[in-house]
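Please read the structure below before turning to the comments.
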Protein chains: 2
Amino acid sequence: MRYDLKHLATFVAVAEELNFHRAADRLTMAQPAVSRVVLELEERLGVKLLERTTRKVRLTESGRYLLEEAQDILGRIDVAENTVRLLASGTKAILRIGYTTITGHSLLPDITREFRRANPDVRLELTYLHAPAQRDKILQDEIDLGFIEGSFQSSEIESRPLAQHRLMALLPPNHPLSTRQSLTIDDLAREELVMGTNAEWPTLRRIVVDAFQKAGQVLTVAQEASSLTGILGLVTAGVGITIFTGMPRFCGEHAIVPKPIVTDPPVIVETHLAWRRASLSGAMRRFIETSEHVGRSYML
Amino acid sequence: MRYDLKHLATFVAVAEELNFHRAADRLTMAQPAVSRVVLELEERLGVKLLERTTRKVRLTESGRYLLEEAQDILGRIDVAENTVRLLASGTKAILRIGYTTITGHSLLPDITREFRRANPDVRLELTYLHAPAQRDKILQDEIDLGFIEGSFQSSEIESRPLAQHRLMALLPPNHPLSTRQSLTIDDLAREELVMGTNAEWPTLRRIVVDAFQKAGQVLTVAQEASSLTGILGLVTAGVGITIFTGMPRFCGEHAIVPKPIVTDPPVIVETHLAWRRASLSGAMRRFIETSEHVGRSYML
DNA sequence: ATCATTGATCCAAAAATGTTATCAATGTGC
DNA sequence: GCACATTGATAACATTTTTGGATCAATGAT
């Protein structure tokens with residue numbers, strides 16, 4: 001670094017006062033030091049910032065520009081410093097949260113709304129990540145909290161069950177099975193199935209595959225899509241049935257018809273909130289508390 | 001200033017590498033120095049930025065935030081430094097230009113369009129200022145160039161005539177005088193006159209007052225407005241006639257009817273471009289050149 | 001013409017910065 | 001389980017940088 005904040009601050013003082021002595025007073029240093037610092041800055045930039053006669057100081061075009069920039073930069077540093085302190089004191093906080101599609105469409109919005117209301121000084125950064133990715137990011141300290149289906153086995157990661165969902169079939173409106181009260185795995189095995197890709201929906205896929213296996217069936221997927229909207233679009237278009245953990249809140253029954261899937265024992269998908277045990281902060285603690293509170297109404 | 005760019009840059013290097021030795025290499029300094037600088041920064045902020053075991057370095061929440069901010073700030077400083085150099089070398093420039101209403105509605109747009117085309121690296125900052133204010137701002141070096149009516153007498157200020165305008169009466173469409181080819185001061189003295197306020201239009205007011213005086217009349221203003229659009233609004237509404245230096249380009253003849261004012265000798269308002277002799281820069285020189293070129297078609 | 005005020009320069013003292021050598025802690029590999 | 005390499009922190013010392021007081025030359029005001 002060829003110069004530092006001292007140079008900028010000194011230059012700003014001189015440029016604002018247009019007088020080296022007054023600037024020196026303001027900075028509580030001697031005038032020669034001010035002279036030299038400004039000269040040094042000019043020399044290191046290779047640019048004249050001030051036109052000085054022995055009676056008057058005037059900014060050059062470059063100087064004028066640098067004055068504005070430097071004021072701004074120094075201001076930003078002050079703000080940053082302040083924010084750093086607030087973050088450290090716990091007054092402010094930033095929580096980086098991972099979520100999956102299953103948790104993202106109803107549970108997470110409810111929790112964040114509630115949490116924001118009670119903690120306006122905490123910024124939430126939400127990142128869509130499937131469960132395995134969340135595991136990595138939690139361990140690498142790239143997210144603070146993860147909403148996942150199931151839980152992780154790791155001594156470094158702690159998790160708490162938040163919500164339970166039953167598997168549900170989502171049918172297009174005029175599907176033959178839409179008159180039924182509920183469906184079985186055997187019903188579904190005979191149908192065209194639309195499912196999320198394994199890359200994006202690894203956990204749900206595993207759960208569904210297991211459920212089929214237990215019922216003595218094999219899951220055959222007719223069509224895949226990576227996003228929830230993509231899947232629902234295919235269902236609405238009549239391509240087939242999908243299996244999900246509930247009815248997405250934004251769906252109307254005229255486009256998507258939900259039917260419970262009956263199995264014995266019932267398949268229950270548990271959503272967990274997970275975090276690195278060693279990184280637990282105050283804001284995280286409060287977020288976990290809110291999540292458990294809100295999640296209670298999602299428990300069967 | 002409690003800490004320097006050195007501290008920020010060092011912290012950024014460590015935070016990015018998450019390793020003091022590699023950071024030291026990158027900064028071409030010894031590792032103990034890096035340690036000390038980071039410790040110093042933490043101490044001065046009063047905030048722990050890095051969690052370090054003897055085997056691993058991890059950012060705290062504050063540290064993560066500061067990393068992003070510091071990267072950004074350092075980047076801005078680089079950009080500022082670069083821009084300062086470009087400004088000094090004349091590659092880039094910022095011209096602060098004052099203009100009055102008379103010059104602002106036709107001459108200035110023509111000049112800036114032409115100038116921008118030829119000098120894309122020069123930013124023009126246009127400020128509306130009446131002539132006396134421009135005089136002060138030029139002397140105080142708060143604007144580089146001023147478009148004014150008339151010229152200043154000052155050894156410090158140089159100016160160049162750019163355009164000449166004849167006084168013109170602007171009438172509402174159905175005014176009795178609108179059938180006439182031209183008008184005299186005596187005609188106008190009998191009419192209701194709408195004029196710009198003295199505060200905002202000092203120069204034009206003085207010119208008009210002088211013209212009336214020479215014709216043995218006294219200017220009586222029925223209604224004042226501060227802005228050109230306000231004045232024209234009053235004229236269109238039939239409140240009275242105004243006196244201006246031409247037909248504003250944005251007016252249609254269905255709303256405003258221009259009539260030449262005949263006097264002997266003719267009253268000619270000369271628009272000048274003025275600047276502080278001592279501040280003449282390359283960009284200013286080019287702007288002046290363009291102005292004179294474009295202005296030529298405005299000379300009678 | 002005198003005087004006060006301006007920014008720049010010189011020099012010695014003080015402060016800071018950086019380097020080498022070293023340490024304690026902790027994973028890694030055999 | 002033990003030697004070893006690697007981690008960040010510390011100590012001591014040399015060097016560089018920074019600072020403040022005295023002073024200077026230039027210049028506008030009285």
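Chain letters run A, B, ... following the sequence lines, proteins first, then strands; residues in each count from 1.
- A salt bridge links Asp141(A) with Arg64(B): the closest approach of a Lys/Arg side-chain nitrogen to an acidic carboxylate oxygen falls below 4.0 angstrom.
- The nearest whole Å value for the distance from the CE atom in Met29(A) to the C1' atom in dG7(C) is 14 Å.
- Looking at residues two or more places apart in sequence or on another chain, you find a ring-ring contact (aromatic ring centres under 6.0 Å, His included) between Phe115(B) and Phe287(B).
- Atom CG of Leu41(B) is separated from atom P of dT17(C) by 12 Å (rounded to the nearest Å).
- We find that CD of Glu43(B) is positioned 15 Å from C1' of dT17(C), with the value rounded to whole Å.
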### Message
Could you go through Leu129(A) and Tyr99(A), starting from their C-alpha distance and side-chain angles, then the distance that decides it, and tell me whether this counts as side-chain contact (heavy atoms from CB on, under 4.5 Å)?
### Response
CA-CA 6 Å; Leu129(A) 291 167; Tyr99(A) 66 95; over 6 Å; no
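- If one axis is set at each end of the helix from dA1(C)-dT30(D) to dC30(C)-dG1(D) from five pairs, those axes are 30° apart, to 10°.
- Listed here is the closest heavy atom pair of Gly146(A) and Gln134(A): CA-OE1, 2.8 Å.
- Each of Val84(A), Asn119(A), Leu87(A) was scored for a side-chain contact (heavy atoms from CB on, under 4.5 Å) with Lys92(A), with one residue passing: Leu87(A).
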### Query
Base, backbone or nothing for each nucleotide of nucleotides 2-17 of chain D, written B, S, -, heavy atoms under 4.0 angstrom, 5' to 3'?
---BBBBBB-------
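- Checked by atom type and distance alone, the side chain of Asp4(A) never pairs as donor or acceptor with a backbone atom of Asp4(B) at under 3.5 Å.
- Taking a 6.0 Å sphere around CD of Glu68(A), one finds it holds 12 or fewer heavy atoms contributed by other residues, nucleotides or ligands.
- A 6.0 Å sphere centred on CD of Gln140(B) holds more than 12 heavy atoms belonging to other residues, nucleotides or ligands.
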